[in-house]
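Lettering of chains follows the sequences in order, A, B, ..., and the numbering in each one begins at 1.
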Number of protein chains: 2
Amino acid sequence: MSELQARIKQWMRTHSEEGMAFLQRLVQVPSTQGHEAAAQALVAEKLQQMGLEVDVWELDGEALKKHPYFCSSRPDFDNCPNVVGILRGSGGGKSIILNGHIDVVPEGEREQWSDDPYSGAIRDGKMYGRGVTDMKGGNVSLLLAIQAVQGLGLRLKGDVIFQSVVEEESGGAGTLATVMRGYQADAAIIPEPTNMRIFPKQQGSMWFRIQVKGRAAHGGTRYEGVSAIEKSMLVIRHIQALEERRNARITDPLYQNTPIPIPINIGVIQGGNWPSSVPDLVRLEGRMGVSPEETIEEAKLEMEQWLERLAEQDPWFKEHAPVLEWFGARWIPGSMDMEHELMHTLAEQYRNVAGAEPVIEASPWGTDGGLLTQAGKTPAIVFGPGVTEVAHYPNEYIELDKVTEAAEIIALTLIQWCGLDETNG
Amino acid sequence: MSELQARIKQWMRTHSEEGMAFLQRLVQVPSTQGHEAAAQALVAEKLQQMGLEVDVWELDGEALKKHPYFCSSRPDFDNCPNVVGILRGSGGGKSIILNGHIDVVPEGEREQWSDDPYSGAIRDGKMYGRGVTDMKGGNVSLLLAIQAVQGLGLRLKGDVIFQSVVEEESGGAGTLATVMRGYQADAAIIPEPTNMRIFPKQQGSMWFRIQVKGRAAHGGTRYEGVSAIEKSMLVIRHIQALEERRNARITDPLYQNTPIPIPINIGVIQGGNWPSSVPDLVRLEGRMGVSPEETIEEAKLEMEQWLERLAEQDPWFKEHAPVLEWFGARWIPGSMDMEHELMHTLAEQYRNVAGAEPVIEASPWGTDGGLLTQAGKTPAIVFGPGVTEVAHYPNEYIELDKVTEAAEIIALTLIQWCGLDETNG
């Protein structure tokens, strides 16, 4: 173990408790969509204490709406600020964005939680609460990493830009706003809950709604009508065939352990309103995965053209074409070259700290990495301490030692990536 | 044409306008479930004017609930009376029940109506309004038939029992209450909208609900879950196979012109609540047709046992059996012997008045005929002037000349069936 690595490990050992206390405070402040202000105030205060250049601003809804990558169901973004803190480098080094979202998904049914969803309770080295794994724990890893660099009195050449953004869970308007404010870097790390796996590629996704038509009739003479439920079964099978087609094309070895790299999920079905009537309308809602190798537009077009082919299977669809609509959330896919220097750096520091080979895969879900890469021209890696399986679920938790382990790996990565200014070592 | 028939035709010609005016008043008083009182008051008043023995009473919910044939979603029946009027015979003749329901189904979306749903507007010999065809028009045919007999100064030997009942559209509690009150006869006619066809048999039906289980997961890793929507597709196909099986058994020539004699209709599907989650529950609601040759219990048992066989197709159903529930409305099937004397009488009088062969079929939907037959031991024929196709639909209408034509046929049927007391011809 290098001397530097040892010092960082030592620093973590003596400061991890502070970090966990701060994580607990963050978790205890619910920050669901529209209510991020209080949590962001805590973050801004922390960045001030760390002596970073702090930038707090409210999103400009009007400007955002004009951006091609904008996606949000929100009418406005009042009182939901982004927070950025910059550790300015001495110059001549590579810059890096450390991006994490502060918004959390709703806690759902409280009965399913053993503790209060925002308790931040600690048991057996785990902290519990909505958002602790997705992704306040990852954000604290970032802060600890920067604090370690500062604590060891090290000076970096490149800038480290820490971003605490809103709206990741519903389309990425927060990260898009950082791009529009001019933030850019040579690369980025997003500590979403990957179970310490390294995701150089992230799947994109978007929501769709399909209306399938039928013709009403009395159930006793159902043969006089056309059941939208029976027709919707054809549509669902047709979509399953599209999913097979699309996944057969995926050859990327990063997906070799993934049964269905880019799934098409039908999440909601709703049709008819009377048991003894033939239903004349069924609504399907789902999520279409988008490969890192394609654009949102390409995926949309493929689905649209595929649905048109339903008419070949059943003439009913000639006269009554299903109506496809893209709505709600959307995540741009992201992809970083496997040979990108940050990949090598992060993997190397993972080996050093974890003492094992890193697992490198493609994420099965979208992150803000796509926006950073495509809108911000900042290639991003997703790597974080959170537990993938409990994200968005009741009794969400994180293993606290992973938070510090990720912090150590990221601290060493920052030093190697941004470069150490030895002039005042 | 017999002299009697000619006198009745003449009486109708001079009195049909009064009949249509009364029908219009009935239609203009909405009588949806729970709001039948005002319309029933009109009927009772009319029966008084006709000099019948009038019996008006409120249904006894407690007593009804104890009856094996009881079916209703109503907590109570306050202020929703049944009305009966008896034309007492001189004795020695056969009695008959003339049964019609006063309740109408809701008007639905008003935008789909050209007139006010309760306008009773008359255009081109048609009267429009909710309930005019199902089945206030038929009820007025009954009243006109009785009035014609009275108007001609004829005296019948057998009793004619006119019944205006509530609750037919939701399970038949009104007719069941007449049975429990002791009303019974040698036969019955129910003028539901049959387009002047004669239905000696009526299909029964009942509603069911099936809960199909899955296992939730994130849509991006949908292979970690089990889609309740995909499983529900298997359940629906399985039910379609049951429908085929059951209909293959139907050999009754009365069904020869019916594509699916006893359909199983899936009317409602609802599952999942998030586009990017794998749905863990789907609810199906439908209507199961019951053949006149089987009992409700036999049909229920067949469906229950059939669903158990799903486990043979997919082991998932072994651990997660679909949950079947019978709920809401239910209509007992009804059947009268084709050789029953009332069948011959009604068919003969139809030939006399309409000058054509009657169309004799089995009804594709349930009526109170099943209750009269099975609970009331009073075999029933369904025959009425209403237009089948517009029942329960917007812009419901009836052809007014059919109302009087049906009245003539029924009047002659009453005279032949109950017998004419010549002692004071």
Quiz item: Given the options A:G286, A:G328, A:P261, which has more heavy-atom pairs under 4.5 Å with chain B than any of the others?
Solution: A:G286
Quiz item: Relative to chain B, which of A:P279, A:A329, A:P275 shows the most heavy atom pairs under 4.5 Å?
Solution: A:P275
Quiz item: Checking heavy atoms, do the side chain of B:L284, its backbone, both or neither come under 4.5 Å from chain A?
Solution: neither
Practice problem: Using non-hydrogen atoms and a 4.5 Å limit, figure out which bit of A:I229 sits close to chain B: side chain, backbone, both or neither. | Solution: side chain
Quiz prompt | B:P193: partners by side-chain contact (heavy atoms from CB on, under 4.5 Å), with sequence neighbours left out | solution = B:T133, B:D134, B:M135, B:A391
Quiz prompt | A:E396: salt bridge (Lys or Arg N to Asp or Glu O under 4.0 Å) partners, not counting sequence neighbours | solution = A:R130
Self-check item: Residues from residues 211-225 of chain B approaching chain A under 4.5 Å (heavy atoms)
Solution: B:A216, B:A217, B:H218, B:G219, B:G220, B:T221, B:R222, B:Y223
Quiz prompt | Close approach to chain A in residues 240-248 of chain B, criterion heavy atom under 4.5 Å | solution = B:Q240, B:E243
Quiz item: Where on A:I262 is there a heavy atom nearer than 4.5 Å to chain B: the side chain, the backbone, both, or neither?
Solution: neither
Quiz item: Heavy atoms, side chains only, cut-off 4.5 Å: are A:S276 and B:W365 in contact?
Solution: no
Quiz item: Between B:E230 and chain A, which part of the residue has a heavy atom less than 4.5 Å away: side chain, backbone, both or neither?
Solution: side chain
Exercise. Heavy-atom distances under 4.5 Å only: say whether A:F208 touches chain B with side chain, backbone, both or neither.
Key: neither
Exercise. Take atom CG of A:N273 as the centre, draw a 6.0 Å sphere, and report whether it contains more than 12 heavy atoms from other residues, nucleotides or ligands.
Key: no
Self-check item: A:W207, part contacting chain B, at a heavy-atom distance under 4.5 Å
Solution: side chain
Quiz item: Any idea which of B:M288, B:M233, B:E285 has the most non-hydrogen atom pairs under 4.5 angstrom with chain A?
Solution: B:M233
Exercise. Quick one: which of B:S277, B:S227, B:S232, B:S205 has the most heavy-atom pairs under 4.5 Å with chain A, could you say?
Key: B:S277
Practice problem: Check whether more than 12 heavy atoms from other residues, nucleotides or ligands sit under 6.0 Å from atom CH2 of A:W274, and answer yes or no. | Solution: no
